[in-house]
Amino acid sequence: MSKHKSVGSSNTLLISSQATHWSQQHILSLLSQLIILLIAVFIITSMVVNLGERRLQEDWADQRYSELQTVASLASDKVSFLQFRTQTIAKDELLRQYLLNPSEKLKLKTIKRWDSLTENIPELLDLALFNPQGELQFSTTGSFNNMQLPATLLGSSKNMGGSDIYTSPMAFTPINGILEPYFYQLSWIENPDQSINGYLVTYNSIVKLLETIKPAFFNQNSPLLLLDTQGFLYAGANQPTPLDNMPDTLGASLKQTNPELWRVMAMNNFGQFHSQDSTFVYLKVELTSQYETKREYFLLSYIRHDDIAARYAQWRMAIIIAGCLIALFASLLIILRHRFVLERRAKQNSVQLSNGLFNNELSCLIVNDSGRIQSVNAKASAALSLPIDALKDRSIQRVLHLDDDRFHQIKEALTLHNQWRGEINLETLNSSMLQTHIRNEKCPNSNEHYWLVTFEDITALIDSQRQAYLYHLMSNGAVASALTDANGLIIKCNHQFDLLMSLHGDTNISLTELLGDELDNQWQNITAQISLQGEWTAQIMPFSHSRFTHCLKTTLTGQLTFEGDIEFLICTFEETTPAISVQNSSNIIGHRSAIVLRLNELEDYFINLNELTKENSSLLVMDINPESIFSNMGNISQLEKCQKDIELQLLIKLPLNYQIAQWQLGKLVILMPETNANSAHKYAINIMQRLEEMNLGAGINIGIASYLQAQSLDQYLAHAEIALKRAKQSVDQNICQAFTRSIDNDSYHERD
């Protein structure tokens, strides 16, 4: 047969396990991995985006802090320059001339020159001249006419003078209806003898000062705020969209609007502060240093995180797209991996399935369409008693010992029906019989055909069928027999039993129903004896509505399990003559007293005995309810169990013609035909010994009586009862025997 490297279509698959099969477990595993992957990618992408935004915030903060340092340095230099400019204006020759020779003309010329300075210098708001007493002489504008010089700067108590310049703290003043933050610088104008000739004051705008340094700081996305050490705002108000918790008007306090930020700023000279929606950068600046005090202020800038996010939007989108692509590629990789694993497992399953189908308990041969064997499994080799190598390339006709006609019939069946079934006898030493099935199959990828031969050795089956047939012939003998379960339900019966009981093929009936109520009432005792002795034998007499008309000798043999329980009962029935006259109410005559009778049944049995058998009989009464044993027991079921155990032990070795019966609870009666006094006493001793060996003889007493002519069973029992009372009164004996005199039925003498 030719080999094909290509994989056949799915139509050639035997079962679905040969193909890729997504089971529920695989789908759940794939979904769980994909979900974990998506969650991981989402978390990582979010972390990268958040870290990127935080990094951008930190980069902005670092850059902004560098800019604040630059602004602080430039502002300090600017203030120093303003001090130099104030000093230069104070030493102006025109002003000095006016102070030496005050005149209206020099005053106007000085004011005109100052107006030119204020118009050309943006941050210069006003120039003013004060006399030595601190009174205003004139100024360029009237905005600061109400200002009074501090007393600490006047007179001889001052600590500054000469070329020193005093810089005031920042303050507010309304100019043209707008509140303007400013600070002023004061220069002392001294005479050659160092006496004070006047004071020159320059007023400078803080806002204009900062605008000349860095106008870009007042961008709405990153504003610049100037605050004093008390948190009041002096520059950076009126932003287009200020933060809700930031001061927006001049003079407003950051300490009140954002106490958390101010608490951090008050404890540090510089740093960063990140809130939930903004990032702040602050720096403490010393604009001027003088003898009295230092002028320190805070430069504060912030940026909204939304603005950072807007700047980071393109990167965020790129990161999200990259995360989606990574998740997509990873998902495809997981799916492809699962697909690869499933396909590899499917191939393994296909190989294992094919190998299992070919190497199972069924014998298989692959034969080409010319009848030559191509492949053999080990089971077929063993069935044909030839090695595998010896079978290959041999003719199937020779191997199976087929003649030409039968082989031709097989080929025709394969051509017409594509299969053939039949039995083949190898005719070897073992004469093996093979149940053979041959199928004509087509190769998936070519027009070639091959035969798939499967066969099974049915030699044992043929032998068992033959044995079953022989057993069937044996069971259909003259003796009626039946097989029942432990409850007496008929499982199988032969033809003779069917005729005897008129079943007409209806075997769904119980044996106790066929043999009468007496057998049904004693069934438990019968099965107990079968469990102990292996069988039970009795004569069954016909009764009203019975299906048989003759006395039947019945034998029940038990098939016991390993635990000793009855599994099956083998029952045989033969017509026979009754052993005694049939005048009693019971239809069961036990050949070996196989059951325990009731007292009325024992009386019927006693009446039907002939007089000669009665005269040679003895009667034994056994008391198993001594006061010393059961006097303190309230549960009577214990006594019943004890009596049942004793009954079973007595039935095991009960002589053939003896009969046992229940008199009352705790008392048993045994009728012993053809037994004299000595034999009866010896039998009683044997009973006691056997019961003591079984730990059942404690407290048991026995009374024995012999038969008197023409006495009834009640009189018989009364005599045995007297002997039983004597046995109970005896200290060391538990068996007593009573002999009655024939001349006087009312007088007795006893012996132990």
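As the structure is a prediction and not an experimental result, all values here were calculated from the model.
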State, yes or no, whether a side-chain contact exists between N368 and Y450 at a heavy-atom distance under 4.5 Å. no
So side-chain hydrogen bond (donor to acceptor under 3.5 Å, both in side chains) across residues 133-142, not counting sequence neighbours, yields D126-T140, D126-T141, N131-E135, S139-N145
Restricting to side chain to side chain donor-acceptor pair (under 3.5 Å), what partner residues turn up for S80, sequence neighbours left out? none
Donor-acceptor list for residues 99-112 side chains, cut-off 3.5 Å, not counting sequence neighbours:
from	atom 1	to	atom 2	distance (Å)
S103	OG	L106	N	3.3
T110	OG1	L106	O	2.8

Evaluate whether atom CG of N146 has more than 12 neighbouring non-hydrogen atoms of other residues, nucleotides or ligands under 6.0 angstrom away. no
side-chain hydrogen bond (donor to acceptor under 3.5 Å, both in side chains), that's the test. Do T167 and Q83 meet it? Break it down for me. CA-CA 8 Å; T167 301; Q83 290 179 344; 3.1 Å; yes
Any chance the rings of Y65 and F270 have centres within less than 6.0 Å? yes
ring-ring contact (aromatic ring centres under 6.0 Å, His included) with W262: of Y282, F298, F280, F273, only one passes, and it is F298
Tell me which pairs pass ring pair (Phe, Tyr, Trp, His ring centres under 6.0 Å) where either residue lies in residues 116-146, with sequence neighbours left out. Y98-F138, W114-F138, F144-Y182, F144-Y203
Check side chain to side chain donor-acceptor pair (under 3.5 Å) between D115 and all other residues, then give those that pass, not counting sequence neighbours. none
Check: Y234 ring centre within less than 6.0 Å of F172 ring centre: yes
Side-chain contact test, heavy atoms from C-beta onward, threshold under 4.5 Å: evaluate it for S76 versus E286 and give yes or no. no
Hey, are the side chains of V201 and Q185 touching, using non-hydrogen atoms and a 4.5 Å cut-off? no
Side chains of N204 and M170 in contact at under 4.5 Å (non-hydrogen atoms): no
Apply side chain to side chain donor-acceptor pair (under 3.5 Å) to S46 and list each qualifying residue two or more places apart in sequence or on a separate chain. none
